[in-house]
Amino acid sequence: MLDVKYLRQNIELVRKKMDDRGQKIDFDRFLDLDTKRRDILQSVETLRNERNSVSKQVGELKKKKEDASALIEKMGDVSARIKEYDESLRVTEEELNAFVMIVPNIQHESVPQGGGSEDNTIVRTWGEKPVFTFEPKQHFELGENLNILDFARGAKITGARFTVYRGAGAAIERALVSFMLDLHTEKHGYTEVLTPFMVNRESMTATGQLPKFAEDLFKIEGMEYYLVPTAEVPVTNIYRDEILEEEKLPICLVAYSPCFRAEAGSYGKDTRGLIRQHQFNKVEMVKFSKPETSYDELEKLTANAEEVLKRLGIPYRTVCLCTTDLGFSSAKTYDVEAWMPGQNSYREISSCSNFEDFQARRAAIRFRKKDSGKVELVHTLNGSGLAVGRTVVAILENYQQADGSIIIPEALRPYMRGLERITLEGIFPKA
RNA sequence: GGAGAGAUGGCUGAGUGGCCGAAAGCGAUCGCCUGCUAAGCGAUUGUACGCCCUUCAAAGGUGUACCGCGGGUUCGAAUCCCGCUCUCUCCGCCA
């Protein structure tokens, strides 16, 4: 969320920023609530002050065995008034809070102005698109033909958007997770963490999924627990309500996690295959940074995600999301899009964002400045490194052969007992 | 799931109605002392939100809240009462 004080003092700038994001927000209501809150607060604090000092006098009188009944009677009335003010303060703060919680972050000045995904700017493009002597197939057709992806049985077991992986299909998914974690820990300096796949309401609120996007989440029946839509939630919440030491920053964590998304409102979109599932695997990078360096960290984070694709030999491009495509909590986002020959298009495989202090304020993640001793909010960042299911899609489609087999990228072979090619006959070689 | 014990500042830990935002110790920071290190001495050392001052901010002043969370009793609650959460011990169950 945004800082209430900042909002109050920079309301016109924020109005403009939200206009550019295509958000219609009634900031007059905010100003009213804010003024009301401070009025009530002052009144109630004055009364509390009176109560505190009179109560002290009562104590002194009683100690001297003198009569304090006049004061006590008077304070009964003051306490009643405090209770009334407290109630209206509670209501006002609730309204104010509800308002602030649904205001998106302010975009960084470098974010391109836009009205849709066509306005995202292409930052760079890498790799040679493979040339085929045949019509390249889509991954779901390749996967079903090789008997490594089984969508029908996934649907039987659970429902639409669930998949069974088999043999080399299951192995390549697992290999990718290990490959990505090893790369980020050994080459990019991240510490691996493994966090819960269910989180409570506070955690979801801290990273911005709640209260605004409840319909995207799976909630556990009868409990205030939710399935994680991304490891960003549990990993960022590791340091919720904590004050970190400046020397420890930046803290760079990487986590594998399955992700669960209700995908409400995406009916009819990507209905076949692995692209859009209710459950998918992801390796996620999360950073806690000092404000001064967070944009450098964003560039590094994005490069770390890109490195996975480079090592796998998958062509990609990186785009900077425009104002209207930017996610709720993000100040700036790069999407890395992998080339998918079967679909003849680039598809998002990673999303790398700097949230600045937006999540940190909700989550109360701060650090103490070494020289001044002052506490300040950290900046949080995260990015997929990468979405595993979509990486499988990219490998199947880019490395498909005329006979329907799939060449395994060299970087992955050590993680697959040396397997070089997925064919229908040899699902997996003997070790 | 059953029984019991507990939750206080960066940490340990005292505090069972007013003198408590909280003793003491440890740690940390600054200063003094010391040839250096250690020891010693002195000072400082929570967070949030208002208000005043200030062009803004910082600094400063002032007020309020916070002793796991939420309610209640009381002129007054870390302290008493109720509910919840979490931790620990024992029993049961269990990968």
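By convention in this document, chain letters (A, B, ...) are assigned in the order of the sequence lines, proteins followed by strands, and residues within each chain are numbered from 1. Below, each value reflects all heavy atoms present in this structure, side chains not excepted, and no hydrogens, waters or symmetry copies.
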Can you tell me the distance, in whole Å, between the [atom1] atom of [X] and the [atom2] atom of [N]?
X         : N       : atom1 : atom2 : value
Leu377(A) : rU47(B) : CG    : C1'   : 13 Å
Glu87(A)  : rG72(B) : CD    : P     : 10 Å
Lys64(A)  : rC19(B) : NZ    : C1'   : 13 Å
Lys370(A) : rU45(B) : NZ    : C1'   : 15 Å
Glu224(A) : rC86(B) : CD    : P     : 13 Å
Leu61(A)  : rG76(B) : CG    : P     : 16 Å
Leu71(A)  : rU74(B) : CG    : P     : 18 Å
Leu47(A)  : rG50(B) : CG    : P     : 19 Å

Looking only at side-chain atoms of [X], point me to the closest of [options].
X         : options                   : answer
Ser55(A)  : rU47(B), rG18(B), rA65(B) : rG18(B)
Lys62(A)  : rC49(B), rA65(B), rG18(B) : rG18(B)
Asn49(A)  : rC49(B), rA65(B), rG63(B) : rG63(B)
Val375(A) : rA48(B), rG50(B), rU64(B) : rA48(B)
Ser79(A)  : rG76(B), rG18(B), rA58(B) : rG76(B)
Glu45(A)  : rA58(B), rG76(B), rG63(B) : rG63(B)

Using a cut-off of 6.0 Å, state whether more than 12 heavy atoms not belonging to [X] lie near its atom [atom1].
X         : atom1 : answer
Tyr85(A)  : OH    : no
Met198(A) : CE    : no
Lys56(A)  : NZ    : no

Secondary-structure stems for RNA chain B, with pairs counted as Watson-Crick or G-U when both distances are under 3.5 Å and runs at least 3 long: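 For RNA chain B the paired stretches long enough to count as stems (3 pairs minimum) are B:1-7 with B:85-91, B:10-12 with B:24-26, B:27-32 with B:40-45, B:46-52 with B:60-66, B:68-72 with B:80-84.
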Sugar-phosphate, base or nothing in reach of Val58(A), heavy atoms under 4.0 Å: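 If one applies the 4.0 Å heavy-atom cut-off, Val58(A) turns out to touch a base.
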Touch class at under 4.0 angstrom, heavy-atom based, for Arg368(A) against every strand present: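 Since only primed, P, OP1 and OP2 atoms lie under 4.0 Å of Arg368(A), the category is sugar-phosphate.
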Can you tell me how far [atom1] in [N] sits from the matching atom in [M], rounded to whole Å?
N       : M       : atom1 : result
rU73(B) : rU12(B) : P     : 35 Å
rC20(B) : rA77(B) : C1'   : 11 Å
rU87(B) : rC69(B) : C1'   : 15 Å
rG21(B) : rG63(B) : P     : 12 Å
rA78(B) : rG70(B) : C1'   : 16 Å
rG13(B) : rA23(B) : C1'   : 10 Å
rG2(B)  : rC19(B) : P     : 41 Å
rU64(B) : rG76(B) : C1'   : 16 Å

Presence of salt bridge, Asp28(A) and Arg15(A), under 4.0 angstrom: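 Counted as a salt bridge, because a side-chain N and a carboxylate O are separated by less than 4.0 Å.
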Salt bridge Arg81(A)-Glu84(A), side-chain N to carboxylate O under 4.0 Å: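 Between Glu84(A) and Arg81(A) there is no salt bridge, as every charged N stays at least 4.0 Å from the carboxylate O atoms.
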Non-hydrogen side-chain atoms of Arg124(A) and Thr302(A) separated by less than 4.5 Å: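 Yes, side chains in contact.
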Pairwise side-chain contact, Tyr226(A) with Ile220(A), heavy-atom cut-off 4.5 Å (strictly under):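 No. Closest side-chain heavy atoms not under 4.5 Å.
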Pairwise 5' ranking along RNA chain B for Lys374(A) and Arg37(A), keeping only the more 5' one: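 Checking each residue's closest nucleotide, the 5'-ward one belongs to Arg37(A).
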Residue met sooner reading RNA chain B from 5', once Asp34(A) and Val44(A) are mapped to nucleotides: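 With Asp34(A) and Val44(A) compared, the 5'-side residue is Asp34(A).
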I want to check one thing: is the phosphate of [N], taken as OP1 and OP2, less than 4.0 Å away from some side-chain N or O of [X]?
X         : N       : value
Lys369(A) : rA58(B) : no
Asn52(A)  : rA65(B) : yes
Lys5(A)   : rC49(B) : no
Arg51(A)  : rU74(B) : no

What I want to check is whether the side chains of [X] and [Y] have a donor and an acceptor closer together than 3.5 Å.
X         : Y         : value
Glu299(A) : Tyr334(A) : yes
Thr423(A) : Ser405(A) : no
Asn281(A) : Glu173(A) : yes
Asp335(A) : Ser351(A) : yes
Gln359(A) : Thr380(A) : yes

Letter per nucleotide, 5' to 3', of nucleotides 51-56 of chain B [B base touched, S only sugar-phosphate touched, - untouched; heavy atoms, 4.0 Å]: S-----
